[in-house]
Engineer: 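Quick one: structure below, then a few questions.
Atom set for the values below is all heavy atoms of this structure, side chains included, hydrogens, waters and symmetry mates excluded. Residue numbers begin at 1 in each chain, while the letters A, B, ... track the order of the sequences. These numbers come from a predicted model, not from an experiment.
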Amino acid sequence: MSQITIGLIGIGVLFLLMFLRMPIGFAMVLVGFIGFIYLGSVEGALYVMGTETFSNISNYNLSVLPLFMLMGQFAFYSGISEKLFKTAHKWLGHLPGGLAMATIAGCAGFGAICGSGIATAMTFGPVVLPEMKKYNYDPGLATGSVAAGGTLAILIPPSNLFIMYGILTQLSIGKLFIAGVFPGILLASLCMATVYIQVKHNPNLALSTPATTMREKLASLRGISEMLALFVLVMGGLYGGIFTANEAAGAGAAGALLIGLIRRRFTLQGFISALVETVKTTGMVFVIIIGAMIFNRFLTLTGIPDALVKFAGGLPVPPLVIVAVLVVIYMILGALFDELAITLLTVPIFFPVILSKGIDPIWFGVVFCILMEMGMILPPVGINVFIIAGVAKDVPMYTVYRGIGPFIIPMVITIGILMAFPQLALYLPNHMK
Amino acid sequence: MSGFERVIKSLSRVLSWVAGGSLLVMMLITVANIILRPIYRPILGTPEIVEYGLVIVVCFGLACTAIARENVSVELLVSRFPKRAQAVIGSVTCLLSMGTMAVIAWQSAVFGWEQQMIDERSPVLLFPLFPLRYALVFGCIVLCLVLLLDLLKSLVEVVKR
């Protein structure tokens, strides 16, 4: 059997174990370990198990992940999310589908201080769904807008996926973050337009809320001051070269904590919960990271990544065709698997292909994040759909999927615009210190 | 089993508090370093302290992640199977996960012992490194106990008529 065949068998076994509900991280460790024994040696495999695990959990660069997660948790317990939604509500509520648009705007705002699409959907679901129910919103539109809005957090910096992509490819996390700003704003606007067009077309989908006066609107702006302060602290510090991504994450977490303390919104219970929740998510993330790293060591032995680069490099097609093929592959993978696991497993394989075709790696990172956003809501395994269906217990899963369908369109359009105008993503990072 | 379950859950809760404290230290030392750098001087070995903290956060957090069932898995297929089939598959995957974590624990113990013997230390602050390896061993063992609890529950489900 050739090494590549063994690699493909390994990938097959990994898929099988995943579908048998083995936690993805453990499954990757197991297959990687056994594959390494088969292609290398027992001693080598044992050595990899010891070194690879420890080198990841003691990696300074990876400490940025829990610190940004902590920032999101502190921001949640400081009540920043509710205030964001209230402000957006005041400004957009009277428009057709205004509450759903406010939900997306609020999610985008929270995405600017939280790097996880799941956490953002979880944070906003309980806040916005009852409100939309009150105004007779169609359950599909209501749940769809939170599930889709939540995913914006992984394109709008800070973003856990940009962090992982940056670490795997040794690109600057700061530059990746900055590259996500304009595409993130564009996508959020297009998602809001999607709501507007739907409700304009079928007014039965949602009732309008009473219009607010300009004075009320202006007064509500105070609600976003905390989010803005945190965003400016983190992104300003990064963009201005004042601190590194790790320091930005630490400063952001401390800033969110400080806001909660100054505004007296923190209870001791909330404070402990924020810490423990972050610890749990960190454990989850690192199990996947360790698994993917061990599995990747095995995959490298099989020679599959090299073979893929040679194959793609030899194809007489322009780079955009390669990107189009990757878009399709990632849409399929994203529909089936966890986004972090996909990132860790496939970026080391596909990234050399991207480079060999002369595609800008930062630009591709942005496209990649939008694809992962899609993966979070595409059936059968759209994690954000599951989460929102869990929050809105009276709404069946297929209703959420029906509601989320239209939001795929703005994501595809954004990718199209990025292909036509790469500068949209690259202008800011190219002008960074 | 309820006694065993109670002990494991209390232990993992305490560990998660320690991990949370470590996370807080990571945040504070990072911020202190940013503030002190321009006005006085940077804190020596900040990255090392943060790395130390990260190891504690992950190792002591593994068990409570597993108890909260936060480890990502694909529900698509197995959740449609009959209860007993689910339990059988659950027992097998649980056993495989335990075996995997046990190997990591074993190898970490081997590395820890070697580091202790040669007295390997961190480059700047000269912290001994072996306790971190043992923290990983400990974290993996507690995780294995959590998985053992799951395994026992699945087995009860398998033999239940």
Engineer: Please look at B/Leu28 and chain A and tell me whether the side chain, the backbone, both or neither of the residue comes under 4.5 angstrom of a heavy atom of that chain.
Structural biologist: neither
Engineer: Heavy atoms only, distances under 4.5 angstrom: which of B/Gly61, B/Ser97, B/Gly20 has the most pairs with chain A? Name it, please.
Structural biologist: B/Ser97
Engineer: Looking at A/Gly250 and B/Val31, what are the two nearest heavy atoms and their distance?
Structural biologist: O-CG2, 3.5 Å
Engineer: Can you tell me which portion of A/Leu46 sits under 4.5 Å from chain B's heavy atoms? Options are side chain, backbone, both or neither.
Structural biologist: both
Engineer: Given that the side chain runs from C-beta out, which part of B/Ser22 has a heavy atom under 4.5 Å from chain A: side chain, backbone, both or neither?
Structural biologist: neither
Engineer: Does any backbone or side-chain atom of B/Cys94 lie under 4.5 Å from a heavy atom of chain A? Answer side chain, backbone, both or neither.
Structural biologist: neither
Engineer: Under 4.5 Å, counting heavy-atom pairs only, tell me which of A/Ile34, A/Asn246, A/Leu65, A/Ile24 racks up the most with chain B.
Structural biologist: A/Ile24
Engineer: What residue, out of A/Tyr47, A/Phe33, A/Phe386, has the most heavy-atom pairs lying under 4.5 Å from chain B?
Structural biologist: A/Tyr47
Engineer: At a heavy-atom separation under 4.5 Å, does B/Ala19 approach chain A through its side chain, its backbone, both, or neither?
Structural biologist: both
Engineer: Tell me, please, which residues at least two apart from B/Arg13 pass side chain to side chain donor-acceptor pair (under 3.5 Å).
Structural biologist: none
Engineer: Roughly how far, to the nearest 0.5 Å, is the CD1 atom of B/Ile104 from the CE atom of A/Met49?
Structural biologist: 4.5 Å
Engineer: Under 4.5 Å from any heavy atom of chain B, what part of A/Val29 do you find: side chain, backbone, both or neither?
Structural biologist: both
Engineer: Please look at A/Ile272 and chain B and tell me whether the side chain, the backbone, both or neither of the residue comes under 4.5 angstrom of a heavy atom of that chain.
Structural biologist: side chain
Engineer: For A/Phe286, which atoms come within 4.5 Å of any heavy atom of chain B: side chain, backbone, both, or neither?
Structural biologist: side chain
Engineer: Is A/Phe74 in contact with chain B via its backbone, its side chain, both, or neither, using a 4.5 Å heavy-atom distance?
Structural biologist: side chain
Engineer: Under the side-chain contact (heavy atoms from CB on, under 4.5 Å) test against A/Leu30, which residue among B/Val103, B/Leu96, B/Thr93 passes?
Structural biologist: B/Leu96
Engineer: Which of the residues A/Ala341, A/Gly283, A/Ala27 is involved in the greatest number of heavy-atom pairs with chain B at under 4.5 angstrom?
Structural biologist: A/Gly283
Engineer: Given that the side chain runs from C-beta out, which part of A/Leu70 has a heavy atom under 4.5 Å from chain B: side chain, backbone, both or neither?
Structural biologist: side chain
Engineer: Can you tell which part of A/Thr282 gets under 4.5 Å to a heavy atom of chain B, answering side chain, backbone, both or neither?
Structural biologist: side chain
Engineer: Please round to the nearest 0.5 Å and tell me the distance separating atom CD of A/Glu277 and atom OG of B/Ser16.
Structural biologist: 9.5 Å
